[in-house]
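Read through the structure below, which is laid out as structure tokens, and then see the notes.
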Amino acid sequence: MDCASGKKQGGCAPDRSHQRAGREGESFETLVVPRGEPFSLEHTLLSGQTFRWRKDDGGFVGVVSGNVLWLEQRRNRLLYRSLPGKVDPSELRTYLGLDAASNQALRSLPGDPVLGAAMRNFAGMRVLRQDPWETLVSFIISSNNNIVRIKRCIESLCRTFGHEIRGALGCYAFPSPAALAEASPDCLQQLCNLGYRHTYVRETAREVARSPGLLSDIARLSYLHARTELMRLPGVGPKVADCVLLYSMGKYEAFPVDTWVRKVMQRTYFKDQRVPDSAIRSFAADHFGPFAGYAQLYLFHSAREVWNRR
DNA sequence: ATCCAGGACAGTG
DNA sequence: CACTGTCATGGA
């Protein structure tokens with residue numbers, strides 16, 4: 001593929017006539033969030049666990065499993081529509097973390113001062129269940145990188161190597177493992193600005209393309225076994241593996257330790273002392289329990305928000 | 001200019 | 001196992 005001609009400009013520009021029609025009322029589906037199941041669409045989609053959602057006229061637009069998906073929350077009602085395929089309600093609930101385990105997680109986490117404050121500030125934030133392949137590549141790219149640039153890299157990857165979604169000009173699906181396995185290093189590094197991570201993405205794509213069932217097999221393993229297997233992939237260390245396990249495989253005991261979480265944890269629970277990440281993870285397992293990952297999401301998002309307000 | 005960003009990795013002690 | 005320097009890139 002020619003890098004120069006592969007660059008596609010312009011933002012995601014879904015057909016507005018459909019959208020307007022939807023807002024008139026005939027093509028939006030409705031999902032009711034039951035009472036007693038705290039849910040915030042905005043907190044969930046802007047929490048940093050996913051990178052392709054953006055605000056759109058009161059709601060959000062994203063790409064999920066090859067479909068453009070519009071979402072808007074009105075109290076306990078969730079309005080949604082998708083193109084070109086249909087997303088069914090149970091699939092959507094699963095994606096958004098509206099499941100029994102997540103409800104249990106939100107009830108069972110300890111209410112210590114720091115976590116308690118984060119859970120009140122971002123009430124209803126949930127751990128998504130995203131596509132493992134997209135999550136894997138996204139967090140390989142995230143290493144030693146900042147969020148603004150991570151989003152640009154991923155969007156660039158999709159525009160260059162993903163297929164354009166029918167009926168939604170400028171919206172691209174996340175590229176398949178085969179597409180990234182065959183991508184030229186120059187395209188990945190220069191066009192998509194992956195930097196030194198381009199070999200990680202390419203080599204991991206080769207592995208996954210070579211054995212298509214790999215990620216779904218890993219998802220069925222126990223947390224520790226799955227973690228070990230993920231870390232065999234190039235560019236995947238403890239932190240990236242935990243992100244994939246938590247944000248795409250429903251392993252709520254995973255507790256990704258990044259720079260932000262490390263800071264909060266050391267300040268709050270280790271008297272501001274430097275401790276190895278392994279100590280942080282084992283403390284989290286003891287203190288937060290089997291849903292420690294939920295605590296991680298709240299602590300991470302909370303720490304970043306506080307910092308961004310300064 | 002210098003430091004840092006959702007780290008991983010190879011090399012030392 | 002714990003610690004260190006390095007990696008490509010861009011924003012602050």
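To find a chain, count down the sequence lines: A is the first, B the second, and so on, and within it residues start at 1.
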Sugar-phosphate only, base, or nothing, as touched by A:Gln190 at under 4.0 Å among non-hydrogen atoms: nothing

Centroid-centroid distance, A:Tyr298 to A:Phe122, less than 6.0 Å: no

Of all pairs that satisfy salt bridge (Lys or Arg N to Asp or Glu O under 4.0 Å), the ones with a partner from residues 85-112 of chain A, not counting sequence neighbours: A:Glu29-A:Lys86, A:Glu37-A:Arg93

Can you list, pair by pair, the side-chain donor-acceptor contacts under 3.5 Å of residues 270-277 of chain A, counting residues two or more places apart and other chains?
residue  : atom : partner  : partner atom : Å
A:Asp277 : OD1  : A:Arg262 : NE           : 2.9
A:Asp277 : OD2  : A:Arg262 : NH2          : 3.1

Aromatic ring proximity A:Phe51/A:Phe139, centre distance under 6.0 Å: yes

No-hydrogen, no-angle side-chain donor-acceptor test under 3.5 Å, A:Tyr95 and A:Asp131: no

Polar contact flag, side-chain donor to acceptor under 3.5 angstrom, A:Ser102-A:Tyr294: yes

Check: A:Pro234 main-chain N/O paired with A:Thr204 side-chain donor or acceptor under 3.5 Å: yes

Contact summary for A:Gly235 and A:Val240, nearest pair of heavy atoms: O-CG2, 4.1 Å

Euclidean distance for C1', C:dT6 against B:dC4 (whole angstrom): 15 Å

Summary of protein contacts for nucleotides 7-13 of chain B, nucleotide by nucleotide, where a base hit scores B, a sugar-phosphate-only hit scores S (4.0 Å, heavy atoms): BSS----

Aromatic centroids of A:Tyr269 and A:His287 separated by under 6.0 Å: yes

Strand contacts (DNA chain B) in residues 264-285 of chain A, 4.0 angstrom heavy-atom criterion: none

Length of the CZ-C1' vector between A:Phe255 and B:dG6, whole Å: 13 Å

Sequence neighbours excluded, every pair satisfying salt bridge (Lys or Arg N to Asp or Glu O under 4.0 Å) that has a member inside residues 38-49 of chain A: A:Glu42-A:Lys55

Spacing of the P atoms in C:dG5 and B:dC3 (rounded, Å): 13 Å

Outermost DNA chain C nucleotides near chain A [under 4.0 Å, heavy atoms]: C:dA2 to C:dG11

